[in-house]
Engineer: 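Shown below is the structure under consideration.
Positions are given from 1, in the same order as the sequence printed here. Values reported hereafter were calculated over all heavy atoms of this structure, with side chains retained and with hydrogens, waters and symmetry mates removed.
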Amino acid sequence: MSSVQITLPDGSVQSIAAGTRPIDVARWISPRLADDAVVARVNGQLWDLTRGLDSDAKLEILTPKNSESLEVYRHSTAHLLAAAVLELFPETKLGIGPPIETGFYYDFQRDEPFTPDDLEKIETRMWEIQARDLPYERKYTPKPEGLKLYADQPMKIELINERAGDIFSEYTLGPNFIDFCRGPHIPSTKKIKAFKLLSIAGAYWKGDEHNQRLQRIYGTAFFSKKDLEEYLNKLEEAKRRDHRKLGQELDLFSIQDLAGPGLVFFHPKGAIIRKLIEDWMRDQYLKRGYSLVYTPHVMRADLWNTSGHLKNFGENMFAGMELDDAEYRLKPMNCPGHILIYRDKLRSYRELPVRLGELGTVYRYERSGTMHGLLRVRGFTQDDAHIFCTPGQIEDEVVGCLEFAMDVLKTFGFDQYDAEISTWDGGASGKYMGTAEEWDIAEKALMRAVERLHINAPVIRDEAAFYGPKIDVKLLDALGRKWQLSTVQFDFNLPRRFELEYVAEDGKKHQPLMVHRALYGSVERFFGTLVEHYAGAFPVWLAPVQAVVMPITDRQLEYARSVHERLEAAGFRVQLDDRKEKVNLKIREAQVQKTPYMLVVGDREAESGTVAVRHRKHADMGAKPLDQFIADLRAAVDLKVATD
């Protein structure tokens, strides 16, 4: 019998019989390792534990401690889901079932819609199959034979025709289930210990709305019931914080069917918060040397041809409008407008950097199935800025952008974030604009900037935009979820297309470097993020109503009005609740509206010039002189205190 050499993670080399499975090696190393094993890594590739080793290889046995293991585990649970669906609903056609960051899904085509009751039945059947201890067995099938095998599964036939070689891999799960799949998978269903089906959603085959509509079942899976329970509890908390639910309950915004999907109406309370968000940004622009600009919402199609947006982004733009002199388009981005302002006159190097900032509303045609509250809409406002500078200025400009981004996080109460730098592939693919020299200047500027600010930002190769490298900042909210926030992007494309220039010290004309920079991302998305981060209980400086004055009886009404007037005169957003209702009801309603302070006034407070302060979180805080309360509130607002 021939043998092969395997190199283990500790560097030791072992000779084993050809065809030995990784699971057998795991048992040889340790029975505990074999019990914990999920998948193998062979020469850097994930590999079934039950797949024989037929050549010399580097071998690592992966357990739940390895991040890749959970992805394989969830992929296998998706196959378990598909097997259960076919047992219960044999007429169903199979799509795809990949693992995702939060779990897994599988797409199905079926005339009858799945119901919540069906989900329960499917989950029960999954546990029944799990208990059978069925192996995930890899087999190889010639393409002609495979096409016959999937004769009643048209989507699988389509995938085989597109992706399969002359011989391709499949995975069986017992005698009645087989799926075209590259794998790898866990050894058997018995390895699956904790999963939950979560929801049903619509989807299109291959994500194309012109293809058939499918039903997508989402689920999640973890290695332990404890981890699953923690995740499900987090999901419940996320539902409680859902900005769409809170937006309605707190009367912040709406999306009206009569107006159209993806178009946001900010109600008075929401508009106050939005004003505060926008005012802070505009004030910061002016403090940091930006010039405020405003650009039209609609411009000639010729502009979008010059910028390349019609060619490369046209399907995401709204249809054109024929006016007297030309076709016009709603703007999907602000950058061409800022470029026209920059090139309206010839600039000297002494004027650079030119920083143009705008909270500009843009319009993009998002498909109907992709919109989600404030997080993905068709009309939104970007805090968009574009910086035009010389190569010698670029590093300082990037540092300035990142410092600005960090101040956004701090001001609005986010103390955790991730950052990453996206670079090109060195020009190997030909898909990136710009020269090697330009990419080198830009990438080094980004890397030096994060070093100067001591920001940990791993480099992600071949993930840049086609027009230049970028750095992205993703905040972590109160539930530990990541939200894409700030981005700083170089652009080698638009300065060439618009022939931008400046006169340098040598008296010659040169092309400036251009940086796109957005810190909120979009005001709408940032607003939704804030709602969910604070569960609607905004810090007092952002709260649409900062305090409610509540007289206990009509005897204190005159004093309550004077308190209300004092607070309004001091610039606070305050309401007077003078309804003839019990004060406990008024307090309860203010709590539901997440008002930071409730100021109760009775005879004692009216006589002493005080207010009985009740906080939405800390409850009764006792009586305070009105002047002291005003001073305390002013300090919290001016310091932009982010926590109660």
Side-chain angles (χ1 to χ4, degrees), residues 240-241 243-254 265-277 527 530-531 534-638 640-644:
R240 186 180 75 83
R241 292 169 177 262
H243 74 280
R244 296 166 298 178
K245 171 177 171 287
L246 289 170
Q248 182 176 16
E249 292 174 357
L250 302 179
D251 195 23
L252 301 175
F253 68 90
S254 63
F265 291 77
F266 281 88
H267 296 196
K269 286 184 178 180
I272 284 291
I273 299 169
R274 175 170 176 159
K275 176 184 182 299
L276 293 166
I277 292 170
F527 189 106
L530 286 173
V531 172
Y534 289 111
F538 295 98
V540 66
W541 76 275
L542 276 177
V545 177
Q546 294 167 320
V548 179
V549 183
M550 303 173 177
I552 295 176
T553 69
D554 285 349
R555 288 197 308 275
Q556 303 91 34
L557 186 54
E558 184 177 347
Y559 177 65
R561 286 173 177 160
S562 70
V563 171
H564 178 256
E565 289 171 2
R566 283 280 310 278
L567 288 165
E568 277 199 331
F572 299 116
R573 298 180 293 279
V574 59
Q575 291 180 349
L576 173 65
D577 189 346
D578 57 1
R579 295 174 299 161
K580 297 181 185 300
E581 299 285 356
K582 292 183 178 180
V583 73
N584 285 341
L585 174 66
K586 297 177 182 181
I587 290 172
R588 188 160 57 249
E589 290 182 355
Q591 288 275 175
V592 169
Q593 288 299 303
K594 304 182 185 292
T595 306
Y597 291 101
M598 290 135 274
L599 307 180
V600 179
V601 294
D603 290 337
R604 187 185 311 163
E605 287 76 26
E607 291 172 4
S608 61
T610 61
V611 288
V613 180
R614 188 175 184 87
H615 188 270
R616 64 185 170 197
K617 181 178 178 182
H618 304 297
D620 187 3
M621 300 180 70
K624 288 186 178 182
L626 181 56
D627 287 342
Q628 182 184 337
F629 176 76
I630 289 175
D632 291 346
L633 186 57
R634 170 59 55 208
V637 170
D638 289 348
K640 294 181 171 50
V641 175
T643 56
D644 287 338

Engineer: Do Lys586 and Val548 come within less than 4.5 Å of each other through their side chains, counting heavy atoms only?
Structural biologist: no
Engineer: Report the distance from atom CG of Leu626 to atom CD of Glu605, rounding to the nearest 0.5 Å.
Structural biologist: 11.5 Å
Engineer: Using a 3.5 Å distance criterion without hydrogens, assess whether the side chain of Arg573 forms a donor-acceptor pair with backbone atoms of Gln546.
Structural biologist: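 Looks like no, no N/O pair under 3.5 Å.
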Engineer: Hey, does the side chain of Arg634 reach the backbone of Ala570 with a donor-acceptor pair shorter than 3.5 angstrom?
Structural biologist: yes
Engineer: Do you know which two heavy atoms are closest between Pro551 and Leu557, and how far apart they sit?
Structural biologist: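 Residues Pro551 and Leu557, closest heavy atoms: CG-CD1, 4.1 Å.
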Engineer: With a 4.5 Å heavy-atom cut-off, do Trp541 and Asp638 have their side chains touching?
Structural biologist: no
Engineer: Of all heavy-atom pairs between Ala560 and Val601, which one has the smallest distance, and what is that distance?
Structural biologist: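 Nearest heavy atoms, Ala560 then Val601: CB-CG2, 3.8 Å.
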Engineer: Within the supplied structure, the quantity of interest is the number of heavy atoms (other residues, nucleotides, ligands) at a distance under 6.0 Å from Arg240 CZ; does it exceed 12?
Structural biologist: yes
Engineer: Give, for atom CG of Asp578 and atom CD of Gln556, the distance between the pair rounded to the nearest 0.5 Å.
Structural biologist: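 CD of Gln556 is found 12.5 Å from CG of Asp578.
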Engineer: Is there side-chain contact between Val540 and Val641, with at least one heavy-atom pair below 4.5 Å?
Structural biologist: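 Side chain of Val540 against side chain of Val641, heavy atoms only: no contact under 4.5 Å found.
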Engineer: Could you tell me if the side chain of Arg561 sits less than 4.5 Å from the side chain of Leu576, heavy atoms only?
Structural biologist: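 Contact flag for Leu576/Arg561 side chains = yes.
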Engineer: Mark yes when over 12 heavy atoms from residues, nucleotides or ligands other than Glu249 sit less than 6.0 Å from its CD; otherwise mark no.
Structural biologist: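 Counting neighbours around CD of Glu249, more than 12 heavy atoms of other residues, nucleotides or ligands fall under 6.0 Å, so yes.
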Engineer: Distance from Arg614 atom CZ to Gln591 atom CD, nearest 0.5 Å?
Structural biologist: 6.0 Å
Engineer: Assess the residue pair Val611 and Tyr597 against the criterion (side-chain contact (heavy atoms from CB on, under 4.5 Å)); give the C-alpha distance rounded to whole Å, side-chain angles, the decisive distance to 0.1 Å, and a yes or no.
Structural biologist: CA-CA 11 Å; Val611 288; Tyr597 291 101; over 6 Å; no
Engineer: Could you tell me whether the side chain of Glu589 reaches within less than 4.5 Å of the side chain of Glu581, counting heavy atoms only?
Structural biologist: no
Engineer: When you compare the side chain of Tyr559 with that of Glu607, does any pair of heavy atoms fall below 4.5 Å?
Structural biologist: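 In short, these two side chains do not touch, never coming nearer than 4.5 Å.
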Engineer: How long is the span from the NE2 atom in His564 to the CG atom in Leu599, to the nearest 0.5 Å?
Structural biologist: 10.5 Å
Engineer: Does a side-chain heavy-atom distance below 4.5 Å link Lys269 with Leu250?
Structural biologist: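 Answer no - side chains too far apart.
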Engineer: Do His243 and Phe253 come within less than 4.5 Å of each other through their side chains, counting heavy atoms only?
Structural biologist: yes
Engineer: Mind checking the CG-CZ spacing from Leu276 to Phe538? Nearest 0.5 Å is all I need.
Structural biologist: 10.5 Å
Engineer: From His267 NE2 over to Arg274 CZ, what is the distance, rounded to the nearest 0.5 angstrom?
Structural biologist: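 Reported value, rounded in 0.5 Å steps: 13.0 Å.
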